[in-house]
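See structure below.
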There are 2 protein chains.
Amino acid sequence: MAEPRISSIDGKLAEEFAVPSHVEEVKEKMAAFASFHAEAGRKVVLITSGGTKVPLESRTVRFLDNFSSGRRGASSAEYFIDSGYAVIFLHRHRSLYPYTRMFLTINMLDALEFQGGGAPGNTGEVVVNHQVLPNIAKVLKRYEEVKKSRLLLPIEFSTLSEYLHLLKAAAQALSKIGSKAMFYLAAAVSDFYIPAPEMPEHKIQSSNGPLQLSMKMVPKILSPLVKEWAPQAFVISFKLETDASILLDKARRALDTYRHQAVVANVLDSRRGYVVVVTPETQAELILTEEDVKNEVEIEERIVSNLTSAHDNFITQQVA
Amino acid sequence: MAEPRISSIDGKLAEEFAVPSHVEEVKEKMAAFASFHAEAGRKVVLITSGGTKVPLESRTVRFLDNFSSGRRGASSAEYFIDSGYAVIFLHRHRSLYPYTRMFLTINMLDALEFQGGGAPGNTGEVVVNHQVLPNIAKVLKRYEEVKKSRLLLPIEFSTLSEYLHLLKAAAQALSKIGSKAMFYLAAAVSDFYIPAPEMPEHKIQSSNGPLQLSMKMVPKILSPLVKEWAPQAFVISFKLETDASILLDKARRALDTYRHQAVVANVLDSRRGYVVVVTPETQAELILTEEDVKNEVEIEERIVSNLTSAHDNFITQQVA
């Protein structure tokens, strides 16, 4: 696999991917967040989460998307915060979100009721039904603590263009805190796109017959991220495949090509109970047992625990 | 535009679109719902809402999607219920939903608080903050009434295949109540797909180079729906374009081709304040004034009011 030329990626980003208007403002916000927490002695992790939207038309009716609920990113954010990290959560609009993720499978109105029911003592207050959401008090308490201590900075993207530009901005913002920064790139990023100048303006007409789409390959942004934008940071990428037989080989090749610190490798069907953390020297299988599943242990707790230790070693080595 | 052959569509549906395992069960549920409400003297509307997911791989990592929040369908469902209809809400998983749609822009945990705050009188109850959700009591009351009277039957789809098979099942289920059934086809359905037998099993590898996609045209299901599955029903389709200059022509052509009762035509940028209801004989512009917008009037109230009158006339004509 040939190594992508870095200079060409910066040019491509500017020409072929629409720049979000708020990118500079977000970059300053992220830089301030990182400095504040680094000065307080905290490490900072940038988590990317959810799928990217790739428009087929500039006034977009149709788009290509990636399967991703954002569960891994949202859940990991909570464990990183529990481990003392401050978290920048760069996530797809409406994907799963830390703490609120528990609500997403239910209709909120089914979880609310009038206090005292229809009885005369009805206060008019609308309360949460604890039978529907038994953990609500615990979750709300934790959410409020995290909000108060400003440990979570949420940033949203929808399209691939927004994702790429915001990730670059994040990398530049976090470069100031050196090896204290971790990148945890869990988002499901499209491999293909249509360059902005080649996109049709209007909705593609079905009366023109079958659709022939030709999509270019998305530049591998990991390369400039590791080599240019945040060269001192601890960088983790993710590899999701449906075919287990090619997974570890692909993970190793990614490490060879991009020279970052670790790949979390997983297979679509088993991703919630089994991952392999691959580094240049090691390969750690993380597995949930039946007992774990019964106790509602999440695999992200194990992943985060593995990576925060590795990050600590990495920081020590940089200093030494 | 040549009229699609109906028999070929039934065959295509069976061969090229995976049949959801629960389709017969859902069909019976819809038929029972329709009979129950028709016997109680109610009309029944089937609303389709949200975009369809078109997988590119059978173990799906990537898919084509359509822009649609489901706002029009969810909002219309409420107005149909207010107008005395029973509603089957065939919607994309996680698209906007009647009554709960007001929550979707906020993080629910930001709308909850401990009763009495952190004060000693704290009951441990988690209550809704009325400053964040001022209408919550009204909405919850209405939601509970609708639930109790069983006026809303929600059915979910994600993929195009699920949508097509469930819509066919709905049409057959509703055919039993004749002209009392309305179809309000507001979903944003893909025009293109990859037939199940031609789909690759595994994730498409980006190492193979740029993506060349060849997608077939989705069969026009409106044709068998109108002519075979529910020939007595009152059927409305929707037309969304980004180019206003071709919109009305496309709406008229759809009426000519499919011989249904009305097309609601709208342009992407102005769809929340302007639509045209096109029938073979008439063309009604529905517009929200600035005053309407200030009073939070929704265009769906006008659309539903226009169509329920037309449906009444239609029923009278069938009986006469």
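Side chains included, hydrogens not; waters and symmetry mates left out as well; all remaining heavy atoms used. First the proteins, then the strands, lettered A, B, ... as listed; each starts at 1.
Only the side chain of K250(A) has a heavy atom closer than 4.5 Å to any heavy atom of chain B. For L268(A), the part lying near chain B is the side chain, with the backbone staying farther off; criterion is any non-hydrogen pair under 4.5 Å. Using a 4.5 Å cut-off between heavy atoms, F192(A) contacts chain B through its side chain alone, with no backbone atom that close. Heavy atoms of L56(B) lying under 4.5 Å from chain A belong exclusively to its side chain. Using a 4.5 Å cut-off between heavy atoms, D110(A) touches chain B through backbone and side chain atoms alike. There is no contact between E57(A) and chain B, counting heavy-atom distances below 4.5 Å. In this structure, the portion of Y143(B) lying under 4.5 Å from any heavy atom of chain A is its side chain and not its backbone.
When every heavy atom of Q212(A) is checked against every heavy atom of S214(B), the shortest pair comes out as NE2-OG, 3.1 Å. The nearest pair of heavy atoms linking F67(A) to F63(B) is N-CE2, 3.5 Å.
Atom CZ of R142(B) has more than 12 heavy atoms from other residues, nucleotides or ligands within 6.0 Å.
Below 4.5 Å, heavy atoms of chain B meet heavy atoms from R94(A), Y97(A), Y99(A), T100(A), all part of residues 88-101 of chain A. Below 4.5 Å, heavy atoms of chain A meet no heavy atom from residues 149-159 of chain B.
Per-residue heavy-atom pair counts under 4.5 Å with chain A were compared for M108(B), K216(B), E201(B), E113(B), and the maximum is reached by M108(B). With chain A as the partner, the residue from L213(B), V218(B), I136(B) showing the most heavy-atom pairs under 4.5 Å is L213(B). Among D269(B), L133(B), L109(B), L64(B), the residue with the largest count of heavy-atom pairs under 4.5 Å with chain A is L109(B). Note on I246(B), L240(B), L140(B), V61(B): by heavy-atom pairs under 4.5 Å with chain A, the leading option is L140(B). Chain B forms the most heavy-atom pairs under 4.5 Å with one residue out of N66(A), L211(A), D191(A), and that residue is L211(A).
If you run side-chain contact (heavy atoms from CB on, under 4.5 Å) between L112(B) and each of V139(A), V127(A), V128(A), only V128(A) comes through.
Taking the side chain as every heavy atom from C-beta outward, E125(B) and E125(A) never approach each other to under 4.5 Å.
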